[in-house]
Amino acid sequence: MKTSRFFINTLRESPNDAEIISHKLMIKAGLIRKNASGIYSWLPLGLKILRKVENIVRKEMEACGAQEVLMPGVVPSELWIESKRWEEYGPELLRIEDRHSRAFCLGPTHEEVITSLVRNEITSYKQLPINFFQIQTKFRDEIRPRFGIMRAREFLMKDAYSFHTSQKSLDATYSEMFNAYSNIFKKLHLEFRAVIADTGNIGGSGSHEFHVLADSGEDFIASNESGSYAANLEMVGLNQKLRESDKSEKSNEIIETPNVRTIKEVAKFFNTTIQNCIKTLLITDGDNYFCICVRGDHEINFVKLKKLLTVEKELTMASEKDVFNIMGCPIGSVGPMTKKCPVYVDNDAFNCIDFVCGANLEGFHLQNANWDRKQIKKIADIRNAVDGDPSPDGNGILKIKKGIEVGHIFKLGTKYSNSMKAFVTDSNGDSIPMIMGCYGIGISRIVAAAIEQNHDENGIIWPPPIAPFLCAVVPINSKKSQLVNEQAEKIYQQLSELNIEVILCDQNKRPGVLFSDLDLMGIPIRIVLSEKNIKNGKMEIKLRKDNEIVLWDLNHIQSFVKKFQSGEIG
RNA sequence: CGGGGCGUGGCGCAGCCUGGUAGCGCACCGCAAUGGGGUUGCGGGGGUCGUUGGUUCGAAUCCAAUCGCCCCGACCA
């Protein structure tokens with residue numbers, strides 16, 4: 001490809017609504033343009049990248065036996081009513097009507113459609129297991145789309161659905177898909193973790209998320225060094241032992257603590273550690289209030305807490321007003337010694353002796369406080385894991401990292417096959433619901449995640465497998481030098497013949513402009529041809545991710561390509 | 001949904017307070033010079049100032065409504 005024939009439009013400044021680096025770079029490099037909040041057009045350069053990700057995913061799906069289908073983006077409401085999700089899914093489901101006032105939605109996921117398809121096509125256990133996938137635009141009407149393509153309303157997703165007659169068969173396919181996903185991220189050259197995940201409201205018995213590691217990630221994932229354990233932070237179950245001795249010699253003293261509110265301030269005031277302070281948080285599900293106590297250095301894990309409290313609704317922190325009304329003191333003075341609502345204590349908090357906590361009296365804290373079991377409703381694992389906690393599988397300690405969720409696989413079970421009556425006849429002649437698995441990958445999100453993981457101050461640094469062009473050929477001052485022109489064209493031809501995706505900068509722009517554009521666009525290999533070097537039989541090769549420039553024999557581009565492809569270089 | 005902010009050529013912004021008929025940088029077009037990290041000079045084209053209504057002789061500017069966009073909204077416990 002030549003730049004004279006390929007649309008590239010880079011910007012010097014990014015629009016002010018771009019927040020994170022991948023969003024800024026995608027706009028500056030001219031990969032995407034916004035049409036509305038969370039809705040984007042892909043320009044040719046961006047689409048090339050998107051297609052590469054898509055094809056890597058497609059190949060891997062096909063390699064593990066999944067078959068591609070394409071379902072509609074506009075889905076009739078009947079299917080969603082059947083699965084009960086027309087009510088359950090909430091406002092993220094964009095509902096529309098046709099000219100006959102018939103209700104449809106824009107598909108945010110396709111369990112309903114695939115289940116309806118399969119129940120009509122598959123009737124015998126002999127046709128199973130089977131695994132269908134599609135790569136398709138999804139729409140989820142997010143409350144707050146942000147971060148560009150990272151959390152868009154319209155996005156490209158690969159979703160696969162498998163059908164089985166036994167749990168064993170589902171387990172086998174699930175594990176194949178797990179491996180396929182791992183292969184995909186390896187082939188994309190992305191650093192990732194597969195982690196144990198919450199099944200959330202999709203339900204089912206098992207689930208893993210795939211995260212691309214990046215500092216800007218919104219999810220926290222915990223893993224040990226050996227890699228034998230990795231989980232979403234919300235899923236990390238800790239098994240601390242409770243201390244045996246229950247008593248302390250000391251008894252509460254109430255101390256006036258003017259203007260001391262935060263745990264840090266409290267610890268400083270009492271000249272103790274934050275580990276020896278107890279945070280008491282008032283949590284509500286909208287109807288009931290709960291006193292939750294964790295150590296000063298710990299945070300509540302709402303997934304665990306929700307299970308512990310066996311509440312249906314989402315839990316939130318009580319408002320300042322509510323806290324005052326219920327506890328009779330401001331937030332900063334709340335303490336666990338109360339009968340005003342049930343008290344739940346985290347294991348590690350319970351293990352504290354002679355600790356400091358709020359006194360439920362404005363401007364006062366308790367010193368040398370100790371637990372009274374009678375006042376505690378439950379002692380349990382309520383907190384988030386932190387760096388250094390022992391790994392739940394017993395191997396080493398945990399480290400917390402940030403990740404971007406790019407894949408999620410579920411064992412669905414029979415939730416949809418039951419509600420939508422997707423039955424097959426088994427070998428005994430009985431009609432049984434098919435057991436299902438579902439497997440999603442955010443294709444467009446991977447593009448953004450890859451940038452979050454691979455960039456520098458000058459722009460994107462594409463992993464070669466998804467670079468829009470692997471190589472750029474830059475003739476210096478080609479307008480004036482026939483020699484440079486000819487050589488550039490020659491190298492361009494040679495690379496093309498070697499099946500290298502190459503772009504020739506044939507528009508006689510200034511070198512500075514070209515270099516910064518190529519850096520911004522993240523082209524992995526840059527080959528520069530100048531009169532001086534050509535006369536010495538050399539060309540200049542620089543990798544985007546390195547600063548080094550090497551001079552290479554002009555006649556041996558093949559040897560460079562070979563070395564690059566074998567991994568010897570780069 | 002609550003709080004905050006912003007809508008002015010494709011992009012980034014100024015002008016608004018104190019009303020007088022729109023400006024800067026980038027990008028774009030033409031000419032010339034320049035030619036290894038966003039070069040310089042000269043000359044151009046492009047905007048009903050988000051929309052609607054109001055005040056006024058006169059509105060980008062003041063008032064009202066409306067639409068859109070962005071940010072924050074779970075740690076003072």
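First the proteins, then the strands, lettered A, B, ... as listed; each starts at 1.
Comparing B/rU18 with B/rG54, their P atoms sit 24 Å apart, to the nearest whole Å. Remark: the separation of the P atoms in B/rU48 and B/rA65 is 27 Å, to the nearest Å. Comparing B/rG41 with B/rG5, their C1' atoms sit 41 Å apart, to the nearest whole Å. Nucleotides B/rG50 and B/rU8, compared at atom P, are 6 Å apart to the nearest Å.
Contacts of A/T316 with the nucleic acid, taken as non-hydrogen atoms under 4.0 Å apart, are absent. At the heavy-atom level, A/N16 lies under 4.0 Å from the strands shown only through sugar-phosphate atoms. No engagement by A/E265 is indicated, since no non-hydrogen atom pair under 4.0 Å with the nucleic acid exists. Residue-level contact check: A/R33 touches neither bases nor backbone, having no heavy atom under 4.0 Å from any strand. Nucleic acid contact class of A/V528 (heavy atoms, under 4.0 Å, all strands): base. A/I300 comes within 4.0 angstrom of a base, heavy atoms only. If you check every strand for non-hydrogen atoms under 4.0 Å, A/N533 touches a base. Note on A/S516: a base of the nucleic acid sits closer than 4.0 angstrom, heavy atoms only.
Salt-bridge formation is not detected for the pair A/R295/A/D346: no Lys NZ or Arg NE/NH1/NH2 atom is positioned less than 4.0 Å from an Asp or Glu carboxylate oxygen. Classification of A/D506 and A/K2 as a salt-bridged pair fails, no side-chain N sitting under 4.0 Å from a carboxylate O. Between A/D141 and A/R153 a salt bridge is recorded (basic side-chain N to carboxylate O distance below 4.0 Å).
Picking from B/rC71, B/rC76, B/rC75 the nucleotide with the shortest atom distance to the side chain of A/I331 gives B/rC76. When distances are taken from the side chain of A/R146 to each of B/rA77, B/rG37, B/rC72, the shortest belongs to B/rC72. Here the side chain of A/E19 is nearest to one of B/rG37, B/rA77, B/rC71, namely B/rC71. For A/D517, taking side-chain heavy atoms from C-beta onward, the closest of the listed nucleotides B/rU39, B/rC71, B/rG38 is B/rG38. Nearest nucleotide to the A/S37 side chain, out of B/rC11, B/rC72, B/rC70: B/rC70. Among the nucleotides B/rG38, B/rC75, B/rC76, the one closest to the side chain of A/M317 is B/rC75. Taking only side-chain atoms of A/K34, from C-beta outward, the nucleotide of B/rG25, B/rA77, B/rC69 with the closest atom is B/rC69. For A/R510, the side-chain atoms get nearest to B/rU39 when compared with the rest of B/rG36, B/rA77, B/rU39. Taking only side-chain atoms of A/N477, from C-beta outward, the nucleotide of B/rG38, B/rG73, B/rG35 with the closest atom is B/rG35. Ranking B/rC69, B/rG38, B/rC71 by closeness to the A/A36 side chain, first place goes to B/rC69.
Taking a pair to require two hydrogen-bonding distances under 3.5 Å in either a Watson-Crick or a G-U wobble arrangement, B/rC6 pairs with B/rG68. With a cut-off of 3.5 Å on both pairing distances, B/rA14 has no Watson-Crick or G-U wobble partner at all. The partner of B/rC62 is B/rG54, by the rule that a Watson-Crick or G-U pair needs both atom distances under 3.5 Å.
Remark: A/R144 is in phosphate contact with B/rC71, judged by side-chain N or O atoms under 4.0 Å from OP1 or OP2.
Distance CG (A/L11) to P (B/rC11): 9 Å, rounded to an integer number of Å. The CD-P distance, from A/E13 to B/rC13, rounds to 7 Å in whole Å. B/rG36 atom P lies 15 Å from atom NZ of A/K479, rounded to whole Å. What separates NZ of A/K509 from P of B/rA27 is a distance of 10 Å, to the nearest Å.
A distance of 10.5 Å separates CG of A/N533 from CE of A/M539, quoted to the nearest 0.5 Å. The line from CD of A/E142 to CG of A/L94 is 12.5 Å long, rounded to the nearest 0.5 Å.
With a 6.0 Å radius and a threshold of 12 heavy atoms from other residues, nucleotides or ligands, A/D215 has its CG atom at or below the threshold.
When the nearest nucleotides of RNA chain B are assigned to A/T280 and A/K28 by heavy-atom distance, the more 5′-ward of the two goes with A/K28.
Between A/Y289 and A/N325 the shortest side-chain heavy-atom distance does not fall below 4.5 Å.
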